[in-house]
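Single-structure report; data block below.
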Amino acid sequence: MNALIISAVWGVVMMFSGILLKQRSGIRNLAVAGLVLLLVSNILEMSGTVFFKVELKGMIVFDRFALFFDSIIFASALIYLFLSARDMEKVGVNYAEYFALIFFILCGITLVASFKSLLILFLGIEIVSIPLYILTGSEKKNLKSNEASLKYLLLGSFSTAIMLMGIAFVYGATGSFMSAEIIASPGTVSALLIAGMTLLLFSMAFKASVVPFHFWAPDVYDGAPTVFASFMATIVKAASFIAFIRLFNDLFGDMKPEWQLWMAVLTAATLFVGNITAVFQQSVKRMLAYSSVAQAGFMMFSLYAMNTDAVEGLLLYVAAYSLATIGIFAVLNKMSDYTFDGFNGFAKSQPVLAASTTICLLSLAGIPLTAGFLSKFYMLRAAIDTHKNLWLVIFAVVMAAVSVYYYFRLIQAMYFREGNAHEIEVTPVFKWTMVVVAALVILLGIFPNLLLYWFYF
Amino acid sequence: MPVNYYIFLSLALFAIGIVGVLIRRNAITFFMCIEIMLNAVNLLLVAFSKMHHAKQAATLATAGIDGQIFVFFIMVVAAAEVSVGLAIIVMLFRNVHSVNVNFLNRLKH
Amino acid sequence: MSITLILFWFLSVLALFSAAMVVASKNPVYSVLWLILVFFAISGHYLLLNAQFLAIVNIIVYAGAIMVLFLFVIMLMNLNKSNEPKRNKWLNLAGVLAGGCLLLVLVAALKNAETKATLAETGTGNIGLIENLGKALFTDYVVPFEISSVLFLSAMVGAVVLGKKESSPDTAGQSGKSSEK
Amino acid sequence: MSGGKGDADNMIPVLFILIPLVSGLTLFFFKNEKSARSWALFSSVVTLFVSVSGLTFFNDSNHLKFSAEWLSFLGSSFSVKVDGMGQVLCLLTAISYPVIFLATWKNQYSKASSFFGLMMLEQAGLMGVFVAMDALLFYFFWEMVLIPVYFLCSRWGGEKRVQATFKFFIYTFLGSVLMLVAIIYLFSQTSDHSFSIESFYRLSKILPAKTQGWVFWLFFAAFAIKMPVFPFHTWQPDLYEQSNTPTTIVLSGVIVKMGVFACIRWLLPVVSVASFQWGDVVTSLAVTGILYASLIAIQQDDLKRLVAYSSIAHVGLMCATIFSETTIGFQGVMIQMFNHGINIIGLWIVVEMIGKQTGTRKISELGGLAQKAPSLAIFALIIGLANLALPLTNAFVGEFMMFNGIFSSGATRYNVIFTVLAAASIILVSIYILNMIRKVFYGNNNEVTMAANDIKWNHKLVLSVIVILIIWLGVYPDSILNLTQGLSETILKQSDVMHLFSGK
Amino acid sequence: MQNALQLVWLIPFFPLIGFLINGLFRKQLSKSLIALTGCGTILVSFILSVWVFLQVKNGNSDVAEYFNFISAGSFKVPFAFQVDALSSLFLLIITGIGFIIHVYSTSYMKDETGEHYGRYFSYLNLFVFSMLLLVMGANYVIMYLGWEGVALCSYLLIGYWFKNTEYSKAANKAFIMNRVGDFAFLLALFWIVSKTGSVSFDVVFSKASALGTSDVTIITLLLFIGATAKSAQIPLYTWLPDAMAGPTPVSALIHAATMVNAGIYMVTRSKALYSLAPLSQDVIAITGLATAILAATIAMKQNDIKKVLAYSTVSQLGYIFLALGVGAYTAGIFHVMTHAFFKALLFLAAGSVIHAMGGEQDIRRMGGMKGKLKITYITFLVGCLAISGIPPFSGFFSKDAILLSAYEHNKILYVVALFGALLTAYYMFRLLFLTFNGSFRGTEEQQHHLHESPAAMTIPLIILAVLSFAGGFAGIPDIFLKGGDAIAEFLSPVLPPEGGKTVSHSTELILMLLTTVLVLAVIVLAWFRFRKYKPEEEKGLGKFLKNKWYVDELYEKIIINPLDRFGAFLSNVFDRSVVDGLVNIVGRLVNYGSRQVRLLQSGQVTSYVLLMVLSMLLIMAVQFFLRK
C-alpha cells in the first residue's frame with residue numbers, strides 16, 4: 001500500500017518538478033529520492049509498518065510475495081536510475097515527465113503484482129502500458145521510435161481487447177472478478193471458463209512477449225529510446241510475468257491440466273524463436289531484444305511448473321535478469337554504434353565497464369557463479385520436479401547453449417577484436433554502479449539466499 | 001433473452017473487429033476496429049451481469065453490478081487509450097504523412 | 001415474437017451490419033460514421049438489458065467524445081479514400097478466414113456451455129440504474145476509481161510529451177541521428 | 001568458511017581451491033608483468049607444497065575432508081574431500097602449474113596480469129572439480145574451469161583462435177548443460193533431496209534401467225566432449241593448434257582428465273545399470289577413436305595437431321577401460337590419468353621449444369635438430385618413448401593395466417575384440433612418435449633448423465622433473481597405485497550390477 | 001648360498017650404472033674413461049654371471065623378489081628375478097659376448113667424438129642391461145620390460161648415425177616391426193592374466209595344464225608372433241637386415257648375444273605352455289624352417305657383407321626355431337650358444353674388414369684381402385667353417401643336434417633343413433672367397449689403406465675364434481662321448497630330456513657323415529664358382545633373390561600404402577568433412593534457421609496480428625476439439 005500511494009503521488013510530484021526545478025540534476029535527484037523512499041517504505045511494509053490504511057475490499061492484497069517482488073523492482077529501478085537517468089536527457093526535452101511516467105508505471109506494477117481482482121489487473125496493466133506507449137514514442141523525430149510506438153500501441157490495444165474478452169468469459173462463468181470467488185465458484189470447469197482462461201493466456205503471453213505473441217517486443221525494444229527499452233525489457237517484463245504467474249496460480253491454479261500443456265508449448269516456442277533469431281542479429285540492441293524474448297522462455301518455466309520452486313525461482317530470475325540486462329543496456333546506451341562491431345576493442349578503452357558487462361553477459365548466458373545460473377537452475381529444477389515433459393528441459397538447455405553464441409559474440413567483440421570503440425565518457429558514478437551491478441550478479445550467484453532469505457523471514 | 005444470443009452476438013462483433021484489424025492498413029481504422037472489439041466485450045459483460053443478477057438477485061440485491069462497473073472502467077480506459085493513441089498517430093503523421101500501419105517497417109527481422 | 005425479441009434482432013443486425021461496414025468502408029470518415037451507428041445499436045442493447053447508465057455513457061463517451069476525436073484527427077490529416085493504402089487480396093482473404101474460423105471455433109465451443117439455458121434478464125432489474133451504480137462505484141469500487149485517475153494522469157502527461165514542441169531540436173536531432181545508425 | 005586454528009587442520013581441500021582463487025583474483029590488480037609472473041609461480045608452488053603435504057604429513061581422512069553450509073535450501077552444500085583419485089589429480093594439477101610457468105618463463109603476454117590471473121582461476125576450478133563431493137558444487141567448478149579457458153584461448157594464441165575457442169566453448173557448454181539436466185533430475189529423485197554424492201550413489205540401485213539410460217547419455221555427453229571421445233573430438237585439434245602453449249598444456253594435461261575423472265566418480269557409480277548396458281556402445285566409440293585418432297596422427301604435419309590426436313587416442317583408451325569395470329583397469333586408468341598428464345605436458349613443452357627455436361611447427365620443414373639441440377632431442381626422445389608406453393616409463397604401467405582390464409572385463413562380451421583393436425594402437429603410436437622424432441631431430445640440418453639453439457636451464461630443469469617423474473612412476477608405480485586402490489574397489493563395488501544380468 | 005642369489009640384481013645393475021654414467025657425463029668424461037666404464041661394468045657383470053653360473057651348476061636356483069611393480073586388487077606383479085639353468089646360461093652368453101663386443105668397440109669406434117663415444121657406450125650398456133632384464137625376469141612382465149628395452153636399444157643403435165636419414169628410417173622400421181610383435185606378446189600376456197590371474201612363470205606354468213587347449217594354443221601362437229618379430233622370423237624378419245645400418249659391433253651384439261635370442265629364450269621359457277599346444281609347435285617348426293630356407297636363398301645373392309651375415313642370422317634362427325618346434329629345446333639353446341660365438345666372430349671380423357676398407361661394405365669391391373688381413377681372414381674362416389657345420393667346429397655339433405631332432409620328428413623336415421644347411425655353406429663360402437680370395441677390386445686408395453686391425457679388435461676375434469671352434473665340445477653327442485652333452489645336462493633342471501632317442505647310433509652316424517660330405521661338396525663348388533669373381537647383372541631367379549623376394553615391396557603395397565592412404569583419407573576428408581562437418585552443419589543450421597525464423601519478424605503489424613490470430617485459432621481448436 002505504501003508503494004502504491006507513494007509512487008502515484010511521486011509521479012505527480014515529478015510532473016510539477018519539471019516546472020519548479022530548472023536544474024536537470026535536481027529533477028534527477030528528486031526522482032532518486034522518490035525511489036529510495038519507495039524502496040524504504042516498501043521494505044518497512046514488509047516488516048509491518050504500513051503508512052496508509054485504506055479499505056481495499058480485498059481487491060488488492062499486499063502479501064509477502066507482492067511486497068518482495070516490489071522491492072526487487074524498486075531496487076532494480078534505483079540501479080536503473082543511477083545508470084541511465086542521465087541518458088534520458090538525450091531522448092527529448094520532457095525530462096521531468098519521463099520520470100513522472102516511470103513512477104506511474106511503477107504504480108501500475110505494484111498493482112499487477114498484488115491484484116486480487118481482474119479489474120485491478122486490467123487497470124494495472126493499462127497503467128503500465130499507456131505510459132510505455134508514450135515513452136516508446138518519446139523520441140519524436142526518430143522514425144524508429146515513432147514506428148515502435150505505433151506498433152506497440154496497436155498491438156497492445158489488440159491484446160487488451162483479447163484480455164477483456166477473456167475476463168468477460170471468466171465473469172460469465174463464475175459471476176465475479178475476485179479471485180477468491182472465482183476459485184470458490186461451484187461446478188465443473190466450464191467451456192466458458194476455459195475459453196476465458198485461454199484468452200487471458202494469450203493476452204498475458206502478449207504482455208510477457210511469449211512466442212507467438214512476441215512480435216511486438218523486438219521491434220519495440222529496438223525502436224524505443226535505449227534508456228526506455230532497457231526499462232521495458234527488464235522491469236516491465238518482470239511485472240508482466242508476476243501478473244502472469246499470479247493470474248494462473250491464484251485464479252486458474254485448479255485448472256492446471258487445461259493449461260500446462262500450452263505453457264510447455266509456448267515455452268518451447270519462445271525459447272526456440274528467441275534464441276534462434278538472436279543468433280543472426282547484427283545490432284546489439286536488437287540482439288538484446290531477442291534475448292529478452294529468449295529469457296522470457298526460461299521464465300515461462302515457472303508458469304509451466306507452477307510450484308514453490310517456480311515462484312521462488314521466478315523472483316530470483318527477475319532480479320538476476322533485470323540486473324544484468326539493465327547493466328548491458330546502460331553500457332549500450334553510451335555507445336555511438338549499436339552493432340557488434342561497435343564494441344570492438346571496448347575492453348581496451350574501458351576495462352572496468354567491459355568486465356562488468358562481461359559478467360552481466362555471463363549471467364544472462366547462465367554461467368555458474370552468476371545469478372543467471374542459479375535462476376535458470378531454479379527454473380529447470382522446477383520443471384524437472386513436475387516429472388513430465390523432460391524433453392522441454394533438454395530443449396531448453398540446448399537453447400541455452402545457442403544463447404551462448406550471441407552473448408559471447410559481444411564478449412568477443414569487446415575483448416578479442418581489434419577495434420576503434422569510440423572513446424565514451426562515463427561518470428565515476430556510472431562506473432561504480434556498473435561494478436556494483438556486476439558484484440551483485442556474482443553475489444547472488446554464490447549466495448542467492450541473501451535475496452531469498454527476505455522472502456521467508 | 002437467452003444469454004447465448006448475447007455471447008454469439010458479442011463474439012460476432014469481436015470477430016468482425018479482428019477481421020477489421022487484419023484487413024485494414026489504416027492505423028485509424030485499425031484503432032476503430034479495436035473499439036468494436038471493446039464494445040463487444042462491454043455488451044457481453046452487461047449481458048453476463050444481467051444473467052448473474054437474474055440468478056442471484058434473491059440472495060443479493062446488487063448481484064451482477066460488478067459487471068457493469070467493469071464496463072464503466074473499460075470505457076474510461078478506452079478513452080485514455082484513444083487519446084494517447086491518436087496523439088501517437090498524429091505524431092507519426094507529422095513525420096511521414098501516412099497512417100498506413102505497414103508503411104513503416106524500418107524495424108524488422 | 002415479443003417486442004423485446006424483435007428489438008434484439010433488429011439491434012443485433014444493425015450492430016453487425018454497421019460493424020461490417022466499418023471494416024468495409026474505404027473512406028475512414030464513413031467508417032467513423034458507421035462506428036457511431038454500432039455504438040448506438042449497442043446502447044440500444046444496453047437499454048434492452050435495463051442498463052440505462054451505461055447506455056447513456058456509451059453514447060456520451062464513445063459516440064460523443066471518442067468518435068469526435070477520431071473525426072477531428074481524420075479531418076486534420078485530410079484522409080480520404082484516395083490515400084487509403086492498397087490492400088493485398090490474399091492477405092485480406094486470409095484475414096477474413098482467420099477471423100471467421102476463430103468465431104466458428106469459439107461458437108462451437110460455447111454453444112453447449114452451461115449457460116445455454118440461462119437467461120439474461122431484460123427490462124427488469126435495477127442494477128443498471130445510475131443510483132445503484134454510483135453507490136457501488138463510490139463505495140466498493142472507490143479504490144479502482146481512484147486508481148483510474150493515475151491512468152488519466154499518465155495519459156495527460158503522455159499527451160503533453162507527445163504533443164509539445166521540442167524546444168531544442170538540436171539535441172533531439174542528435175539523438176535521433178545516433179539511434180539511426 | 002574458514003575457522004580458527006582447530007579447523008585449519010582439515011582445510012587442505014579448501015586450500016587447494018582457495019590459494020589459486022585468491023592469488024588469481026589478486027593477480028588482476030597487478031600492474032607489473034614481472035611481479036605478476038613471479039607471484040603466479042610463487043602461489044602455484046605453494047599449492048604444490050600444500051598438495052604434497054596433503055599426500056604426506058596430513059594423509060588421513062580427517063585432514064582431507066571439509067564440509068560447510070552452502071545453498072542448503074537447494075539441497076546442496078560445500079562439501080569437498082580429497083580421496084585417492086582426488087589426491088592423484090590434484091597433485092597433477094599442482095605439479096603442472098609450476099612446470100608450465102617455468103617452462104614458459106620467457107613467453108611474453110600482452111596484459112600478463114590477466115593471463116596469470118585467469119590461469120590461477122582455472123587451477124582453482126580444476127581443483128574444485130577434483131575434490132567436490134556435491135553434484136551441484138561439482139557442476140559449478142566444472143563450468144568455472146571453462147570460463148578462464150575461454151578467455152585464455154581467445155585472447156592469447158594463434159590467428160584463428162577466436163573461432164576455434166568459440167566452437168570449443170559452445171560445444172563443451174552444450175555438454176555441460178545437458179549434464180546439468182541430468183544432475184537436477186537425479187536430485188529430484190533422491191530420497192533426501194540432496195546433491196550429495198552419497199545420495200546420488202544410492203540412486204544407482206533404485207532408478208529403473210530406462211531412466212538410467214537417458215540420464216547416462218546426458219552425463220556422458222558432457223564427459224565425452226571434454227575427454228574427448230570420438231566423434232566428439234573435432235574441437236580439440238583446432239583449439240590446441242590455435243591456443244597459447246600454457247593453456248594448451250593445461251587443457252590437454254589436466255582438463256581432459258576431467259572427463260575421465262567424472263566418468264569414474266559421477267557416471268559409473270550413479271547410473272551403474274545404464275553404464276553396464278551402454279558400456280559396449282561407449283567402448284566401441286572409444287576404441288574406434290583410438291584407432292581413428294592414431295591413424296590421423298600419423299598423417300599430421302603440424303606438431304600440435306599430432307599431439308592433439310595422440311591425446312585423443314590415449315584418452316580413448318582410458319574411456320574404454322572405465323567401462324570394462326575391472327579393478328586392474330580402474331587402477332590403470334587412475335595411474336594413467338596422472339601419467340598421461342605428465343607425459344603430454346612434457347610433449348607440449350618439447351613442441352613449444354621446437355617452435356621457439358625454429359619458428360615453425362611443421363614437421364616437414366624441420367630436420368636435424370638433434371645436432372643443434374642435443375638436450376632437447378634427448379628429452380624429446382624420452383618423453384616420446386614414454387608417450388608410446390615403453391616399459392619402465394610411466395605410461396607402460398597404465399596401458400598394461402588398462403589393456404588387461406579391458407581384456408579381463410566381464411562387463412562386455414567383446415572384450416577380446418576391444419583389446420585387440422585398442423592394443424593395435426601401440427603399433428600406430430610408435431609409428432607417429434618415432435616418425436615425428438626422426439623427421440624433426442634426425443637427418444641433416446636445413447635452413448630452418450640451422451639457427452636453432454639448445455634449450456636453457458629452466459627448460460632443462462622442468463623437463464628433468466618430468467623425466468624423473470616418468471621414470472619414477474615407470475619403475476615404482478605402486479606409489480600411486482597404493483593411493484587409489486581403495487577407491488577403485490569402492491567404485492567398482494558401488495557400480496557392480498553384473499549380478500542383475502548374470503541370469504541372461 | 002641361497003640368500004646370496006638375492007644379489008643377482010647386481011648383474012643388470014652394473015650395466016645400468018654404466019649407462020647412467022656414460023649417458024649423463026658423456027661430455028665430461030674422457031674417451032678412455034668412457035671405454036673403461038663401458039667395458040668395466042660389463043666385465044663385473046660377466047664375473048658375477050660366472051659366479052651365478054657356478055652356483056646354478058651346483059644345483060642352486062632361486063627366484064629373487066624385490067618389490068611390487070604393479071598391484072591392482074589381487075593381481076600383483078612383483079619385480080623379481082629368476083636364477084636357474086636357462087637364465088644363467090644366457091647370462092653368460094650375454095655378458096660374455098657382450099664384454100668382447102664392448103672391448104672390440106673401444107677400438108672400432110675410436111674415431112667418434114667424445115660425446116658420441118659416450119652416447120654409444122651408454123647405449124651398449126643399456127642394451128646389455130635390457131637383455132639381462134629380459135632373461136632374468138621371473139615373470140612375463142619383467143621379461144617384457146627387457147623385451148621392449150632391447151627393441152629400444154636396437155632403435156637407438158641402428159639410428160646411431162642419426163644424420164643419415166636412411167639409418168634412422170631403418171631404426172624406426174626395427175622398432176615398429178618389433179612393436180607388431182610386442183602387440184601379440186601383450187595380447188598373449190592379457191590372455192594369460194585373464195586365465196591364470198598371474199604372470200609369474202611358476203604360477204602360470206603350474207596352472208597351464210588346467211587351461212583349455214584352445215587357450216593354450218592361442219597364447220602360444222601369440223607369444224610366437226612376438227618371438228618372430230624379435231628373432232626375425234617370417235613374416236616379421238625384414239627389419240633385421242636393415243638393422244645393418246648401425247655400427248658393426250652393434251650388429252654383432254644384436255645378432256649374436258642379445259636381441260634375436262630373446263624370442264628363442266621366451267619360447268624356451270614357455271616350454272610348459274608349448275608342450276601343451278602341438279599345433280603351435282608345428283607352426284613354429286614350419287615357420288622356422290621356411291625362414292631358414294628363405295633367408296638362405298636371399299643370402300646367396302647379397303653383396304653387402306653385413307647383409308649376407310644378417311640373412312645368415314635369420315636363417316640360423318630359423319634352424320633354432322625348427323629345433324624348438326620339434327621339441328628339441330636343448331639343441332636349440334645349444335645352437336644359440338654356438339651361433340652366438342661364430343656369429344659374433346663373423347660380424348666382428350666383417351667389422352675388421354670394413355674398418356680396413358674405410359667403411360666399404362660391398363663385397364664386389366673387395367677380394368684378395370687374406371694377405372693383408374691375416375688374423376681377420378683366419379678367424380673369418382673359422383667362423384665360416386663353424387656356421388657351415390664342419391666337424392669339429394662348434395656349429396657342427398649344434399646343427400647336427402637340430403637336424404637329428406628334425407629327422408626324428410619328420411623326415412621331410414630333415415630333408416629341407418639339410419638343403420638349408422647346404423645353402424648356408426654355399427653363401428658363407430661365397431662370402432669368404434669374394435672377400436678374401438681372388439684379386440682386389442676396390443679403388444687404389446682403399447688398397448693402399450688396407451691394414452690389419454689393432455689388437456683391441458683382433459684379440460676379441462681370436463677369443464671368439466677359439467670359442468667358435470671349441471664351443472661345440474660342450475655338447476658332444478652320446479655316440480662320441482658318453483655324457484659329453486654337458487649342456488643338456490646343465491639345462492636338465494629346466495629342460496628335462498624328453499624320452500629316449502628313437503634313432504639308432506648307426507643312422508645318426510650316417511646322417512652326420514652325409515651332412516658333412518654334402519657340405520664339403522658345396523664348399524668345393526663355391527670355391528670353383530667364386531675363386532675368380534666378376535660382377536655381373538643378376539637375371540631371373542637371381543634378381544628375384546637379390547631383391548629379397550620383393551617382400552619389402554609387398555609389405556609396402558599391401559599394408560603400408562593402403563594404411564597410409566586410409567589415414568590420409570581419414571585425416572583430410574573424413575575428419576574434416578564428415579565428423580567436423582557434422583558439427584559445423586549444426587552450427588550452420590542454427591544460423592540458417594536464424595535467417596529463416598527472423599523473416600517471421602516482417603515488421604508489418606498486419607502480419608503480426610495474423611500470426612497471432614492463427615496461433616490463437618490453433619490453440620483454441622486443439623484445446624476444445626482435439627484434446628480429451
Side-chain angles (χ1 to χ4, degrees), chain A residues 117-119 122-123 125-127 129-131 133-134 136-137 140-178 181 192 195 218-224 277 280-282 286 289, chain B residues 3 6-7 10-11 14 17-18 21 27 30-31 33-49 51-53 55-56 63-64 66-67 69-71 73-74 76-78 80-85 87-89 91-96 99 101 103-109:
Chain A
S117 159
L118 290 173
L119 177 57
F122 167 60
L123 284 175
I125 283 184
E126 285 305 307
I127 292 178
S129 300
I130 288 178
Y133 302 151
I134 298 158
T136 307
K140 283 185 283 183
K141 296 285 183 223
N142 183 346
L143 288 184
K144 275 189 174 177
S145 170
N146 292 170
E147 181 189 343
S149 171
L150 182 69
K151 277 181 177 167
Y152 196 9
L153 169 80
L154 294 177
L155 293 168
S157 31
F158 178 74
S159 90
T160 305
I162 302 278
M163 177 169 73
L164 287 171
M165 196 49 145
I167 292 175
F169 280 151
V170 172
Y171 176 68
T174 61
S176 175
F177 298 108
M178 306 289 284
E181 290 169 39
L192 213 51
D219 289 0
V220 170
Y221 294 163
D222 190 10
T277 322
F280 209 72
Q281 298 306 321
Q282 298 306 317
R286 208 164 166 82
Chain B
V3 79
Y6 283 104
I7 294 179
S10 302
L11 278 177
F14 196 74
I18 289 179
V21 164
F30 192 110
F31 222 51
C33 294
I34 287 170
E35 295 304 322
I36 296 178
M37 290 163 75
L38 292 182
N39 268 278
V41 174
N42 288 349
L43 179 59
L44 188 59
L45 276 169
V46 174
F48 279 141
S49 113
M51 175 187 87
H52 290 307
H53 183 69
K55 272 199 288 193
Q56 295 167 0
D66 41 1
I69 300 265
F70 204 108
V71 172
F73 278 105
I74 292 179
V76 166
V77 170
E81 210 170 67
V82 164
S83 65
V84 171
I88 290 173
I89 292 174
M91 175 183 73
L92 186 71
F93 188 81
R94 273 200 217 144
N95 285 339
V96 297
V99 286
V101 293
F103 179 75
L104 275 175
N105 50 6
R106 279 181 172 68
L107 299 167
K108 63 179 172 188
H109 304 321

Applying a strict 4.5 Å limit to non-hydrogen atoms, the region of Thr277(A) in contact with chain B is neither
Please determine, among Val77(B), Val96(B), Ile18(B), Leu38(B), the option with the most heavy-atom pairs under 4.5 Å with chain A.
Val77(B)
Of all heavy-atom pairs between Ser149(A) and Ile88(B), which one has the smallest distance, and what is that distance?
OG-CD1, 3.1 Å
Flag side-chain contact, heavy atom, 4.5 Å: Ser49(B) against Tyr171(A):
yes
Side chain, backbone, both or neither: which part of Ile162(A) has an atom under 4.5 Å from a heavy atom of chain B?
both
Toward chain B, the part of Thr174(A) with a non-hydrogen atom under 4.5 Å:
backbone
The reported gap from CZ in Arg286(A) to NZ in Lys108(B) (rounded to nearest 0.5 angstrom) is 10.0 Å
Would you say that Leu11(B) contacts Phe169(A) through its side chain, given a criterion of any heavy-atom pair below 4.5 Å between the two side chains?
yes
Chain A contacts, top residue of Ile69(B), Val84(B), Ile89(B) (heavy-atom pairs, under 4.5 Å):
Val84(B)
Chain B contact via Glu147(A) - which portion, at a heavy-atom distance below 4.5 Å:
both
Between Leu192(A) and Ile7(B), is there a side-chain heavy-atom distance shorter than 4.5 Å?
yes
Supply the atom-to-atom distance Ile167(A) CD1 to Leu45(B) CG, rounded to the nearest 0.5 angstrom.
8.5 Å
Interatomic distance, CZ@Arg106(B) vs CG@Asp222(A), rounded to 0.5 Å, equals 12.0 Å
When heavy-atom pairs shorter than 4.5 Å are enumerated against chain B, which of Asn146(A), Ile130(A), Leu150(A), Leu123(A) gives the highest number?
Asn146(A)
For Ile74(B) and Leu164(A), what are the C-alpha separation, side-chain angles and deciding distance, and is it a side-chain contact (heavy atoms from CB on, under 4.5 Å)?
CA-CA 8 Å; Ile74(B) 292 179; Leu164(A) 287 171; 3.7 Å; yes
For Phe177(A) and Phe70(B), what are the C-alpha separation, side-chain angles and deciding distance, and is it a ring pair (Phe, Tyr, Trp, His ring centres under 6.0 Å)?
CA-CA 9 Å; Phe177(A) 298 108; Phe70(B) 204 108; 4.4 Å; yes
Exercise: identify the closest heavy-atom pair between Leu154(A) and Ile34(B):
O-CD1, 3.6 Å
When rounded to the nearest 0.5 Å, the distance separating CG of Leu155(A) from CZ of Phe30(B) is 6.0 Å
Check against side-chain contact (heavy atoms from CB on, under 4.5 Å), Asp66(B) and Leu119(A)
CA-CA 9 Å; Asp66(B) 41 1; Leu119(A) 177 57; over 6 Å; no
Here the pair of heavy atoms bringing Lys144(A) nearest to Leu107(B) is O-CD1, 3.6 Å
Nearest heavy-atom contact between Leu153(A) and Gly85(B) is CD2-CA, 3.2 Å
How far apart are the closest heavy atoms of Val41(B) and Ala161(A), and which atoms are they?
CG2-O, 4.0 Å
Would you mind checking which part of Phe122(A) comes under 4.5 Å of any heavy atom in chain B, side chain (CB onward), backbone (N, CA, C, O), both or neither?
side chain
Assert top hit (heavy-atom pairs under 4.5 Å, partner chain B, pool Gly137(A), Ser176(A), Ser157(A)) equals Ser157(A)
Run the side-chain contact (heavy atoms from CB on, under 4.5 Å) check on Glu126(A) and Glu81(B) step by step: do they pass?
CA-CA 8 Å; Glu126(A) 285 305 307; Glu81(B) 210 170 67; 2.6 Å; yes
